Amino acid sequence: MSTVQKFVFKHNPGTIHEASDALETGDLSSVKLCEGLIDRIDSVDSEINGFLSVDKDQILEDATASDSRRKNGKELSPYDGIPIAIKDNISVKDQTCGCASKILEGFASPYNATVINNLRKNGVVCFGRTNMDEFAMGSTTEFSAYRKTSNPWDVGRVPGGSSGGSAAVISSGQALAALGSDTGGSIRQPASFCGVVGLKPTYGRVSRYGLVAFASSLDQIGPITRDVEDASILFELISGHDELDSTSLPKSNFNYADLHDEFDINSLKIGIPKEFLEVQGLSTDVKGAFEKSISIFKSHGCGIVEVTLPNLAYAVSSYYIIATAEASSNLSRFDGIRYGNRVDKSSDLLDIYLDSRENGFGEEVKRRILLGTYVLSSGYYDAYYLRAQKMRTLIRDDFNKAFSACDLLLSPVSPISAYPFGSVSDPLQTYLSDIYTIPVNLAGNCAISVPTSFDGDGMPIGTQLIGNFMEEVKLLQAASWFESVNDIGKQT
Amino acid sequence: MKFDVIIGLEVHVQVMTKSKMFCSCPNRYGSDPNTLVCPICMGYPGVLPVPNNEAIRKTLLAGLMCECNIALYSKFDRKSYFYPDMPKNYQISQYDLPFCEDGKVVISGKGLSKEFVETKPIGITRIHLEEDVAKSTHFRQCSGIDFNRAGVPLMEIVSEPDISTPDEAYIYLTALKQIMQYADISDCDMEKGQMRCDVNVSLKSPESPTLNAKTEVKNLNSLKAVHRSLLYETERQSEVLEGNGQLIQQTRGWNDDIGETYILRTKEDAADYRYFPEPDLMPVEISSDYLEKLKKEVPETPAQRCARFIREFAIPEYDASVLTSNKSCADYFEKCISFGSDAKKTSNWTMVELLRELSQANKTFDQCPVNPENFAELIKLIDNKTINGKIAKAVFSDMFSSGKTALEIIDEKGLKQVTDTDEILQFVKKAVESNPTPVQQLKEGKSTALNFLVGQVMKFSKGKANPQLASDMIKKELS
Amino acid sequence: MDEKSQDVDIKHIAGLARLNLNDSEISRYETDINAVLTHAEQLSKVDLSDVSPTAHAVSITNVIRNDDEGVSMSRSNVLDNAPDVLDDELIKVPVVISSNSEDSA
């Protein structure tokens with residue numbers, strides 16, 4: 001029996017919408033649903049390592065409360081009692097929020113992130129903390145300080161990252177859906193690697209309050225789910241303006257019902273940035289999946305136009321300058337003074353800083369802090385940071401131009417599919433593989449990764465649809481349509 | 001050799017608001033340590049700042065009071081350095097686009113050394129808004145941090161190096177303080193850390209066009225400390241130069257106990273603050289409508305008020321400047337006048353009696369037990385001869401301690417001035433009968449004798465007789 | 001970056017970032033970071049002189065709040081999270097600079 005069949009799980013109800021229907025009819029209770037998932041965790045997570053912690057008592061307590069609300073006809077929403085797994089960088093009051101880092105070991109957050117409040121208002125049960133690259137820095141989840149999460153399709157391979165835990169627990173049937181965060185592809189790439197759906201919303205549509213910041217101007221929380229419908233449901237629950245987030249957009253609430261607006265594939269125009277096929281290191285399998293997607297849209301009467309993103313080649317450089325600069329500043333608060341881990345070997349303040357940060361941060365986090373500190377340091381700001389910000393302007397302009405010629409862009413998610421642990425170790429090479437996802441964060445647009453096909457080793461490959469600013473309706477309609485007409489090939 | 005002294009000040013002023021700069025924790029002094037904090041001002045993981053509208057408004061107001069240009073487009077930046085009093089290890093501040101730039105404060109008057117400084121404008125380079133840091137208390141073995149102050153809105157007011165003497169620095173700071181108090185921007189209580197000062201001093205020989213390396217002295221927490229440290233630094237730097245030594249740019253601290261500065265760091269290990277635009281905050285645009293509205297809210301400056309007092313109330317310049325040096329004092333005075341008391345007399349009584357009682361009781365005008373209405377009434381009672389000046393002083397002292405009105409006290413103690421001529425005549429006759437010598441002298445034209453006799457009448461009447469009336473009646477009696 | 005970018009002084013940067021690095025870490029990070037910066041030199045080939053920088057993904061302004069007082073945390077919660085505490089009211093750190101009262105701001 002292949003590992004694929006052992007770990008990749010398809011059962012009913014496997015999605016939010018199926019579970020919601022079953023809860024509605026009374027065929028299922030929240031407690032039963034959660035118990036089932038906990039059983040699944042007990043049987044497979046020792047090999048997947050997707051969760052960092054699961055507070056079973058709390059989950060069952062919340063599920064029981066939900067069931068009694070529903071029994072009394074007082075359910076808070078159709079999704080009351082639905083369990084959602086939470087990435088370890090999103091604050092849930094009184095739960096550990098460690099960002100898979102030693103420096104926050106044992107730290108319990110005293111407050112709820114806005115997305116958590118939004119979920120709780122709808123009766124959603126917070127279902128465990130999922131593993132990630134430390135402080136969301138990485139694209140394999142190997143940089144977690146605690147454990148390596150395996151790809152459920154082949155446990156010898158990476159699940160992608162940084163939201164690798166979230167993607168893996170969904171594809172291995174340990175959760176219905178999860179929240180992830182995406183700074184340069186951290187939702188879309190693991191979704192693609194694990195054969196699930198990942199949505200990065202338009203910057204400012206989902207509150208960042210309570211998301212431990214990696215790069216403030218790029219971070220966005222989004223759903224990782226089994227299908228596009230679930231992504232839409234979860235996006236509706238978490239989106240909306242938040243007074244606690246100054247970068248939150250006004251009128252940013254997404255209405256699931258808007259998806260029922262008329263959608264005609266024949267009047268849709270998909271842009272293919274010509275630079276996307278010329279990316280170095282684009283694997284044959286990924287290229288094949290991308291061409292397959294294009295032909296699916298084309299064959300159903302969708303207009304395909306060639307567009308150009310002339311500054312694509314500069315995106316990775318700009319991104320890694322901006323993201324690490326912001327990160328170096330955001331992570332300076334972790335110093336062992338007010339909370340978290342203090343390595344207290346001496347009575348000297350400087351030593352507390354140095355030792356706490358030396359022991360608290362892992363290799364990749366240190367690398368990025370150093371790079372970010374350097375590009376902001378005296379004498380280098382104009383040469384690096386300012387130039388990167390200017391390039392960001394050009395990249396955003398490129399997208400604006402492209403969207404004047406089409407409704408959505410189609411793209412691979414990553415030039416390669418899930419690879420064996422340890423096979424890519426050069427940092428620059430890893431950074432360069434973010435080429436398809438990074439430009440979207442720089443521009444602030446929305447994008448989704450939808451499972452498309454499999455590579456020669458049976459690993460899933462996703463396709464990325466990119467939408468213009470605030471155009472999630474169009475994005476999700478097209479993604480949902482694509483999902484419904486595409487034969488993913490190999491089924492489990 | 002005598003050097004020119006070039007001084008520039010960086011003044012931090014806490015802005016008076018209900019809540020902190022970027023979170024809703026109360027902005028309040030004197031609470032128990034670490035009780036006015038939340039995840040935001042503690043820099044917990046995942047929190048985000050949202051700027052306080054009122055802190056921005058008051059900063060703009062300060063800029064207008066100091067005749068600054070107000071930036072129509074402004075933003076916040078992060079300033080990075082590690083220090084345990086700074087929760088995020090970066091401070092949200094403003095770097096290249098502060099709210100206010102290019103203003104001035106005109107100074108004149110007496111400095112701490114009582115030397116008079118002629119009218120002189122001191123340029124304001126910029127006023128920007130940032131967040132205050134926590135309060136550290138230092139013990140022998142460790143330090144303890146109270147984060148209540150962390151995140152309190154803090155303005156930094158940077159002056160041009162237009163100041164040439166410690167006295168000028170003193171007057172400039174006093175003027176800034178008055179401005180802040182006038183616009184309700186800050187109480188500027190230096191003991192409470194609401195106003196803190198860093199000074200930059202450098203020397204230049206009159207023949208040379210170039211400045212010597214400057215010294216920055218940080219954390220001066222009283223006007224006196226500013227004055228003293230400037231004197232000290234001027235002397236220290238002069239001595240180095242006179243001994244043919246070389247000054248290096250450095251940052252120094254101030255030890256108030258021994259009255260000396262000490263080195264903190266030199267330029268070589270100057271901090272690299274790595275400023276960059278705060279990604280968590282959006283830029284601030286000031287519309288011309290808002291700016292116009294704000295301009296209408298700008299209160300009179302102390303200088304304007306002083307001029308108006310002279311004009312409107314016909315009081316001497318000295319009186320006006322004393323009264324307007326403290327906003328609550330000026331408010332109190334004006335309130336009294338609105339109740340109809342005589343301006344000059346009210347001014348005298350405020351400057352002498354009221355200020356003395358307040359300072360003895362260690363109270364501010366806001367805590368004054370005698371309200372302006374009652375104070376005005378007391379002065380009117382003197383004017384309409386209900387009581388004389390001497391009794392009024394006793395009555396006022398009583399009012400101040402008991403909180404009663406002047407009339408209540410006068411009634412209670414029967415202090416009403418006697419204006420009944422029959423009654424006074426009794427005292428006059430008694431005085432004349434029992435003092436033949438002075439009577440004789442008065443008859444011979446010696447006017448001091450009249451004063452003595454009036455004094456006798458006052459004594460017999462226990463101070464209640466109207467002295468003018470008594471005087472007239474003595475003269476009449478002897479004529 | 002108009003000139004060739006020089007080798008990064010990792011030790012100095014690590015000091016700014018308060019990171020303690022051993023020699024092998026220093027040389028490894030030096031290699032990694034120089035590789036990224038060398039790649040980033042491509043940015044200097046683009047004429048960006050007339051381009052304005054983008055600091056935010058969204059262009060909104062004046063996001064401010066009213067000056068309303070809210071609720072603070074309980075002190076016990078604050079102190080429970082702190083690694084070291086003094087007299088049940090202050091957060092304890094080693095002595096900072098000198099015995100004089102000192103603020104960083």
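Quick caveat, the model's predicted, so the values are computed rather than measured. Values below: all heavy atoms of this structure, side chains included; hydrogens, waters and symmetry mates excluded. To find a chain, count down the sequence lines: A is the first, B the second, and so on, and within it residues start at 1.
Two residues are said to be in side-chain contact when any heavy atoms from C-beta on lie closer than 4.5 Å; C/L90 and B/I145 fail this criterion. Using a 4.5 Å heavy-atom cutoff, the side chains of B/K58 and C/D67 are not in contact. Taking the side chain as every heavy atom from C-beta outward, C/R75 and B/P33 approach each other to under 4.5 Å.
Note on B/E278, B/R274, B/M282: by heavy-atom pairs under 4.5 Å with chain C, the leading option is B/M282. Among C/V78, C/V85, C/L16, C/V71, the residue with the largest count of heavy-atom pairs under 4.5 Å with chain B is C/L16. The greatest number of non-hydrogen atom pairs below 4.5 Å with chain C, out of B/V284, B/I286, B/N34, is found for B/N34. For chain C, the option among B/P49, B/P279, B/A55, B/P277 with the highest count of heavy-atom pairs below 4.5 Å is B/P279.
Residue contact with chain C, scored on non-hydrogen atoms closer than 4.5 Å, is absent for B/E156. There is no contact between B/N27 and chain C, counting heavy-atom distances below 4.5 Å. Of the atoms belonging to C/V58, heavy atoms from both backbone and side chain fall under 4.5 Å from chain B. Neither the backbone nor the side chain of B/K75 comes within less than 4.5 Å of any heavy atom of chain C. Contacts of B/C23 with chain C are made by backbone atoms alone, with heavy-atom separations under 4.5 Å and no side-chain atom involved. Contacts between B/F276 and chain C at a heavy-atom distance below 4.5 Å are absent for every atom of the residue. Neither the backbone nor the side chain of C/A57 comes within less than 4.5 Å of any heavy atom in chain B.
Note that CG of C/N66 and NZ of B/K18 are 9.0 Å apart. Values are rounded to the nearest 0.5 Å. The CG atom of B/D272 sits 5.5 Å away from the NE2 atom of C/H12 when rounded to the nearest 0.5 Å. Note that CG of C/D87 is 6.5 Å distant from CZ of B/F139, once rounded to the nearest 0.5 Å. Rounding to the nearest 0.5 Å places CG of C/D68 at 10.5 Å from CD of B/E54. Summarising the geometry, atom NE2 belonging to C/H56 is positioned 7.0 Å from atom CG belonging to B/L281; distances are rounded to the nearest 0.5 Å.
Of the residues listed (C/I64, C/V63, C/N62), the one engaging B/P51 in a side chain to side chain contact (heavy atoms under 4.5 Å, CB included) is C/I64, and it is the only one.
A 6.0 Å sphere centred on OH of B/Y275 holds more than 12 heavy atoms belonging to other residues, nucleotides or ligands. Residue C/D23 places its CG atom among 12 or fewer non-hydrogen atoms of other residues, nucleotides or ligands, all under 6.0 Å distant. Under a cut-off of 6.0 angstrom, the local environment of CG in B/D32 is crowded, with over 12 non-hydrogen atoms contributed by other residues, nucleotides or ligands.
For the residue pair C/L86 and B/C142, the shortest heavy atom distance occurs at CD1-SG, 3.9 Å. Nearest heavy-atom pair across C/G70 and B/P26 is O-CD, 4.2 Å. The shortest heavy-atom contact between B/Y44 and C/N81 is OH-ND2, 3.1 Å. Residues C/V93 and B/P84 share a closest heavy-atom pair of CG1-CB, 4.2 Å.
No side-chain donor-acceptor contact under 3.5 Å links B/S24 and C/R65.
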Passes side-chain contact (heavy atoms from CB on, under 4.5 Å), B/M42 versus C/I91? Steps please.
CA-CA 11 Å; B/M42 285 295 283; C/I91 290 178; 3.8 Å; yes
